[in-house]
Amino acid sequence: MSRPLRIVVLASGFGSNLQVIVDSIKAGKLRATVVAVISDRHDAYALQRARSENILSIYIDARQYPDRQKFDAALMEEVARLEPELIVLAGFMRVLTAQFVNQYPNRIMNIHPSLLPKHKGLNTHERVLRQGDSHHGATVHFVTPELDAGPIILQKKFPVSRADSPASLEQRVHECEYEIYPRAIQLFADGKLLSTKQRIDIN
Ligand code: GRF
């Protein structure tokens, strides 16, 4: 059997997707190893999760750098040292520069809380309700320099009900995310995502 896929996770917040990835690895459902978790927030709970799991945790303070380019250069240096095969964005709240993204074509994944290409950016649950969408869900995609616009790898959707609120949608989207993110990473590990045009629906 091949060795586990080396992944580096970038996270700014709670890190529940990170936890699901780690748990999937521990349960033998995902052949990967989280080499490090990097955050731009020193108080990100994701860093604490990493420490509890004995995973290297790294904080990079954006205030130490005059602009995005310089911050991303520092991030790139850190990431390059870790030699990941895949970079996994899990609630990383900074937009990566083209300089960073172009260094890792089809090797950076992101999870987004909407059915892309609908609702790029923030506040997706509110927008779904405001626009009266019939369905909502989550998308795993490769990262390209254009925000939330890279090739779609997996999506999971569910019908929106009249009783839904932003909070209930967030919870249901999370359930979708926890299912499709480890699967997408495993597909990558298995070498099944070679085509950048590939799109797999699992509804
Ligand atoms: C997820 O909803 C993800 O779609 C978005 O940020 C959230 C991160 O949640 N990019 P968590 O930090 O993994 O709990």
Side-chain angles (χ1 to χ4, degrees), residues 7-27 29-30 32 34 36-53 55 57-60 62 75 86-97 100-101 104 108-129 133 135-158 160 164-186 188 201-203:
I7 62 179
V8 166
V9 176
L10 307 191
S12 302
F14 189 56
S16 63
N17 278 282
L18 163 69
Q19 192 66 55
V20 167
I21 291 165
V22 169
D23 291 347
S24 301
I25 293 170
K26 289 204 281 194
K29 290 190 220 147
L30 175 57
V34 180
V37 174
I38 303 180
S39 185
D40 58 326
R41 300 279 314 250
H42 72 93
D43 57 351
Y45 190 59
L47 286 179
Q48 207 165 304
R49 290 183 193 271
R51 287 191 286 267
S52 315
E53 299 287 345
I55 296 168
S57 64
I58 299 168
Y59 161 55
I60 305 180
L75 183 61
L86 179 68
I87 298 163
V88 171
L89 308 187
F92 189 60
M93 296 309 287
R94 294 177 67 93
V95 178
L96 294 170
T97 55
F100 186 115
V101 173
Y104 296 98
I108 309 174
M109 266 185 204
N110 183 41
I111 182 105
H112 183 78
S114 81
L115 296 170
L116 290 173
K118 279 194 115 173
H119 308 305
K120 296 173 181 172
L122 299 172
N123 304 320
T124 57
H125 314 310
E126 286 81 356
R127 283 151 65 194
V128 161
L129 290 174
D133 293 2
H135 288 78
H136 190 25
T139 304
V140 180
H141 66 96
F142 280 123
V143 174
T144 56
E146 199 189 330
L147 184 70
D148 298 332
I152 289 170
I153 300 163
L154 286 180
Q155 284 188 318
K156 172 104 184 158
K157 67 180 176 184
F158 60 85
V160 176
D164 271 313
S165 62
S168 72
L169 288 182
E170 182 180 25
Q171 195 195 329
R172 295 170 76 193
V173 164
H174 266 134
E175 282 161 22
C176 296
E177 293 181 345
Y178 301 158
E179 185 181 327
I180 62 176
Y181 218 0
R183 281 179 72 174
I185 296 168
Q186 186 59 53
F188 182 95
D201 281 305
I202 55 163
N203 302 298

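Worth saying up front: this structure is predicted, and the values here are computed from it rather than measured. As the structure lists them, so they are numbered: ligands from 1, and atoms in each ligand from 1.
No more than 12 heavy atoms of other residues, nucleotides or ligands lie within 6.0 Å of CD in Glu146, so this atom counts as exposed by the packing criterion. Crowding of Arg94 atom CZ: a count of heavy atoms from other residues, nucleotides or ligands under 6.0 Å exceeding 12.
Using a 4.0 Å cut-off between charged nitrogen and carboxylate oxygen, Glu53 and Arg49 do not count as a salt-bridge pair. Salt-bridge annotation for Arg127 and Asp133: absent, with no side-chain N of the basic residue lying under 4.0 Å from a carboxylate O of the acidic one. Using a cut-off of 4.0 Å between Lys/Arg side-chain N and Asp/Glu carboxylate O, Glu175 and Lys156 are scored as not salt-bridged.
Sorted by chain and number, the residues within 4.0 Å of ligand 1 by heavy atom are Phe14, Gly15, Ser16, Asn17, Gly91, Ile111, His112, Pro113, His174, Glu177.
For the pair Val20 and Pro182, the minimum side-chain heavy-atom distance is below 4.5 Å.
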